[in-house]
Every structure is written in C-alpha cells, then in structure tokens.
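Note that the structure is a prediction, hence the values are computed from the model and not measured. Both backbone and side-chain heavy atoms feed into the values below; hydrogens, waters and symmetry mates do not.
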Protein chains: 2
Amino acid sequence: MLENLKPVSRVSVSDEIVDQMAGLISAGALKPGDRVPSEKQLCVQFGVGRTSVREALRSLSVMGILKTQRGEGTFVSAERSRYVEKAMQWDVLLDGKAAGHLIETRLMLECETASFAAERASEEDLAAIAAAIADVQNAFSGPALVEPGRYLEADLRFHLAIARATRNPILVSLLGTIRGSMQAWIAKTVPARAAKSIKDHRKILAGLRARNREKARAAMSAHIRSSSSDLRRRLKQT
Amino acid sequence: MLENLKPVSRVSVSDEIVDQMAGLISAGALKPGDRVPSEKQLCVQFGVGRTSVREALRSLSVMGILKTQRGEGTFVSAERSRYVEKAMQWDVLLDGKAAGHLIETRLMLECETASFAAERASEEDLAAIAAAIADVQNAFSGPALVEPGRYLEADLRFHLAIARATRNPILVSLLGTIRGSMQAWIAKTVPARAAKSIKDHRKILAGLRARNREKARAAMSAHIRSSSSDLRRRLKQT
DNA sequence: GGCTGTCAGCTTGTCTGACAAGCTAGTCTA
DNA sequence: TAGACTAGCTTGTCAGACAAGCTGACAGCC
C-alpha cells in the first residue's frame with residue numbers, strides 16, 4: 001500500500017476566483033476604495049457563472065476584504081484587519097451561555113487593558129472616560145438610581161473608552177463583544193451595586209491619570225471581581 | 001438638519017440565516033461534528049431559495065464554523081479553517097499596525113492563560129504539555145532543526161495545551177485564532193529562534209508544575225516578548 | 001435659477017430549474 | 001463471499017428571470 005499520497009487538490013471554481021482576486025489586491029492592482037468590476041463583467045472575464053462569482057465575492061466580504069453595496073457595486077474595503085476581530089467575536093459568541101468562562105475572560109482582558117491604557121491614554125481619552133463616569137452619576141438622583149438604562153449605557157461607554165485608549169482595535173472589539181453578551185445579565189444586577197461602581201470607576205480613572213499601570217490594573221481587577229461575584233450570585237439564584 | 005438619524009437596518013436574507021444558524025450552534029443545538037440539514041431541507045425550513053441558503057453556508061464556512069464536503073453534506077467543524085491565516089497574511093502584508101495589535105493581544109492572553117493554567121492544570125494536561133515540548137525537541141537533530149513543519153506543529157500544540165488546561169473554551173479558541181493568524185508569519189522566524197524557544201518552554205512548564213501562577217506568567221511573558229521582538233524585527237525587514 | 005419628480009440604465013439580491021460531480025448504501029452478479 | 005453496479009442522496013455550477021436599490025439625466029414647476 002502506497003503511503004504519503006496526498007489527496008488530489010480539487011479547488012473549486014469559486015475558491016480559485018477568491019485566490020485570484022486576493023492576489024490582485026495584495027499585489028496592489030486593486031487598492032482600498034477601488035471599485036471591483038460588476039458581477040456580470042467578472043462572469044465574462046473569468047468565464048464562469050454568476051453563482052461562482054457571487055460566492056467568491058461573498059467569501060472576500062466575510063473576510064473583510066471587500067464590501068458590497070446593493071445597487072452600487074463592490075469595493076475594496078478601506079479599513080481592513082477587521083477579519084481577525086470578527087473571527088474572535090465569533091469565538092466568544094459561539095461558546096454561548098458559559099457565563100463563568102465569559103466572566104473569566106473579561107477579568108483577564110479588562111485588567112490588562114487598563115494597564116495598557118494607563119501608559120497610552122491621551123488627554124482626550126481621559127476626558128472621555130471622565131465624561132462617562134459623570135454620565136453614570138447623572139443616572140442617579142441623590143442616592144437613588146432613576147435611570148437604569150442610562151446607567152447601563154454610560155457604564156458600557158466607560159469600559160470601552162478605556163479599551164479605546166489602548167489604541168488597539170482588536171481589544172476594543174473583543175471587549176465590546178464580551179460585554180455585549182453579558183449586558184443582559186449585568187442589567188439585572190444594576191440596582192444592587194450601582195453606587196459602588198462609581199467609586200470603583202473613580203479609582204480606575206485615578207490610576208490612569210497617574211500613568212500608573214499597576215494601580216490601574218489593581219483598581220480594575222477589584223472592580224471586575226466585585227462585579228463578577230455579584231453576577232455569579234445572581235446567576236445561581238435563577 | 002436632523003442629526004443622529006441612524007441608517008435603516010436592512011438585513012439581507014442570507015445574513016439572517018447566518019445569524020440563526022450561528023445561534024443554533026452557540027445554543028448547543030448543533031455540536032461540532034454534527035451534520036447540518038441538507039441545503040434543500042434548509043430551503044424549506046427557512047422558506048427561501050437555495051441561493052440564499054448557499055450564501056449563508058458559504059459565509060459560515062469562511063468563518064471556519066462549518067465545513068462542507070461535496071456529495072456528503074455540511075458539518076459543524078471542530079477546528080478553525082485556514083481562511084483565517086490567509087486573510088491575516090494579506091492584512092499583515094499591507095498594514096504593519098495590524099501585526100502589532102495582534103502581538104499585543106497575544107501577549108496579554110498568553111500570560112494570563114499561563115497563570116490560570118498553573119492553578120488548574122491536571123496531570124493529563126501537564127503530560128500533554130510535556131509531550132509537546134518533547135516533540136519540539138524531536139524536530140531537531142542535535143543542534144540543527146531538521147523538520148521545521150514538525151517544529152511549528154508541536155509549538156502550536158504546546159500553546160494550545162496550556163490554553164486547554166485553563167478549562168476555558170473561550171480562551172482556547174481565542175488563542176487558536178490569534179496563533180492561526182500568525183502561523184504563516186511565525187514560520188519565517190523559526191530557524192533563528194527555535195533553540196531558544198525550547199528553553200523558554202521548559203521554564204514555563206516548570207512554573208506550571210510548581211503551581212506557581214506568578215512564575216508561569218513571568219516565564220510566558222519572557223517567552224512571548226522575546227519571540228515577538230524577533231517577529232517585529234522580521235516585519236521591518238520586509 | 002433652484003427644486004422636485006420621473007425614468008432609463010446600471011448595480012446587487014433572490015428565486016427557480018436544470019445538470020454535473022461525488023459520496024453512500026444496498027443490490028446484484030460471478 | 002468479493003467485487004461491480006446502480007439508485008438516491010448530497011454539494012457544485014450554470015443559466016435565466018425578476019425584485020430592489022442607486023445614479024444621473026432630463027423635464028416641469030415655483
């Protein structure tokens with residue numbers, strides 16, 4: 001019996017088109033913002049049916065390389081590197097209901113994010129973070145939380161502003177996704193811990209302002225840990 | 001002039017199918033290895049044409065969530081597809097920044113992963129990690145690297161085994177995605193640093209065996225930092 | 001002039017029916 | 001019993017049709 005015979009490579013038509021077009025783009029023949037020939041034209045040039053062309057374009061779109069606009073055309077995407085972000089978002093989303101895993105991943109990412117942010121945050125970043133804290137405060141009327149929706153929105157904005165301060169879009173989208181898939185649970189624990197959160201947030205901001213990575217990380221860690229334990233308790237109840 | 005008017009959301013049929021199927025998978029109704037209903041059946045269930053179903057399946061395939069086999073059917077895939085790597089290669093070629101963001105995210109995730117693994121790794125996990133290190137060693141003949149392919153595979157296995165030891169599937173898939181997107185690129189720096197890597201790996205394993213979170217984290221941090229600086233240098237050259 | 005409605009001609013999105021190519025399992029045959 | 005064969009499923013590709021949407025030009029109105 002013959003060994004090491006590799007399976008014959010049967011590349012599908014649409015995969016071949018994907019390769020060719022990707023080659024054109026990476027070779028610079030098609031630059032970001034450029035318009036790709038219409039599907040009909042591509043059919044003629046490649047000598048294939050429209051189905052195959054469409055599947056190829058679809059693949060490149062999913063990868064974030066192309067972007068199609070109905071009635072207008074297909075274009076080479078300007079901001080790329082969206083693909084890895086998307087792929088990682090799916091990683092998180094597909095794991096689904098595993099609350100514990102989400103909480104753990106969040107803890108690890110938020111702490112490191114805060115640490116990086118302490119190093120890199122611009123004055124604008126710090127201002128945006130401070131504004132989010134102020135908005136959280138505004139959801140209160142004295143000690144009572146009167147606008148839970150506003151609180152939630154501002155709290156989310158606070159965390160994302162910190163992520164943005166790292167200047168790393170991967171971190172921003174990752175944290176956004178994780179937070180998004182937890183949002184519903186967080187909403188349930190709001191009344192119980194809203195007041196405490198504000199104090200935590202101020203401590204984190206102080207760490208960032210001091211450009212002190214350790215302080216920022218520790219403050220964020222304490223915040224997430226306390227918030228997570230509330231979440232876990234809540235989850236057990238239900 | 002009215003501001004803050006958001007564009008109307010016009011979700012396409014196939015995108016909606018993508019969402020629904022991803023939902024099924026994340027809810028656990030479809031597990032890795034399961035077979036998805038045939039295209040014809042899906043047409044009936046969703047009440048749409050085959051074109052739309054096929055585009056949706058294609059999207060999920062590109063994302064590495066499904067895998068289709070002609071004449072046989074479509075299955076929920078166990079591992080990620082190679083598309084991620086391809087897409088990322090282009091990104092890195094055209095945009096050095098993307099690489100920096102990836103390296104940074106990887107550093108953050110790997111260090112924390114090692115730390116968690118030190119706490120939770122079972123004996124089987126440790127054995128798997130040790131086996132991966134041994135395999136890395138086996139790619140050498142004395143001081144010379146004779147099987148770079150084997151080296152790469154074993155190195156990847158080493159890192160994923162540590163991720164698995166955390167018992168957190170989100171971390172496993174996140175690291176898998178990041179590493180996958182860097183794989184082609186890491187391959188280029190292998191000859192230069194293969195020997196050093198083995199020493200690093202042993203130190204990390206020692207930290208895990210000692211159940212010492214700080215030691216494991218520090219060892220991983222040193223490893224990734226040194227490896228990353230090689231990568232960056234390589235990037236600048238091209 | 002400047003605004004508005006209309007329409008032709010392009011684009012992408014979807015449906016349908018058809019056939020090719022390939023896998024599986026059961027049946028038939030030597 | 002071993003191997004060949006075929007029926008019935010699957011995915012891959014093609015072609016043609018229509019719907020939905022954008023653009024630009026052109027006419028008509030104030």
Next on the checklist: Is it the case that the side chains of B:D230 and B:S227 hold a donor-acceptor pair, with the cut-off being a distance below 3.5 Å and no angle test?
Outcome noted: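 Side chains of B:S227 and B:D230: no pair found under 3.5 Å.
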
Item to check | Listed partners of B:E112 passing side-chain hydrogen bond (donor to acceptor under 3.5 Å, both in side chains), at least two apart | outcome: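 Per chain and number, B:E112 pairs via side-chain hydrogen bond (donor to acceptor under 3.5 Å, both in side chains) with B:R217.
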
Checklist entry - How would you list, by chain and number, every residue that makes a side-chain hydrogen bond (donor to acceptor under 3.5 Å, both in side chains) with B:D15, sequence neighbours excluded? => result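 With sequence neighbours excluded, B:D15 shows a side-chain hydrogen bond (donor to acceptor under 3.5 Å, both in side chains) to A:R58, B:S12, given in chain and number order.
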
Next on the checklist: Could you work out, with side chain to side chain contact (heavy atoms under 4.5 Å, CB included) as the rule, every residue matching B:V48, not counting sequence neighbours?
Outcome noted: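 Counting only residues at least two positions away or on another chain, B:V48 forms a side chain to side chain contact (heavy atoms under 4.5 Å, CB included) with B:V13, B:I17, B:F46, B:S52, B:V53.
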
Item to check | B:Q41 side-chain N/O to B:S38 backbone N/O, donor-acceptor pair under 3.5 Å | outcome: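 It does hold such a pair.
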
Next on the checklist: Under a 3.5 Å distance rule, please check whether B:H201 uses its side chain to pair with a backbone N or O of B:V136 as donor and acceptor.
Outcome noted: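 Checked: no pair found.
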
All N/O pairs under 3.5 Å across the protein-nucleotides 6-10 of chain C interface:
none

Checklist entry - Would you say a side-chain N or O of B:T74 is under 4.0 Å from OP1 or OP2 of D:dT10? => result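 No, because none of the side-chain N or O atoms of B:T74 sits under 4.0 Å from OP1 or OP2 of D:dT10.
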
Checklist entry - Base, backbone or nothing for each nucleotide of nucleotides 12-19 of chain D, written B, S, -, heavy atoms under 4.0 angstrom, 5' to 3'? => result BBBS-B--

Item to check | Protein-nucleotide distance (A:L42, atom CG; C:dT11, atom P), rounded to Å | outcome: 11 Å

Checklist outcome for this item: B:K40 atom NZ is separated from C:dA18 atom P, nearest whole Å, by 11 Å

Checklist entry - Under the salt bridge (Lys or Arg N to Asp or Glu O under 4.0 Å) test, which residues partner A:R35, sequence neighbours left out? => result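 So A:R35 forms no salt bridge (Lys or Arg N to Asp or Glu O under 4.0 Å) with any residue.
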
Next on the checklist: Looking at every heavy atom in both B:A165 and B:R120, which two are closest together, and how far apart are they?
Outcome noted: O-CB, 3.6 Å

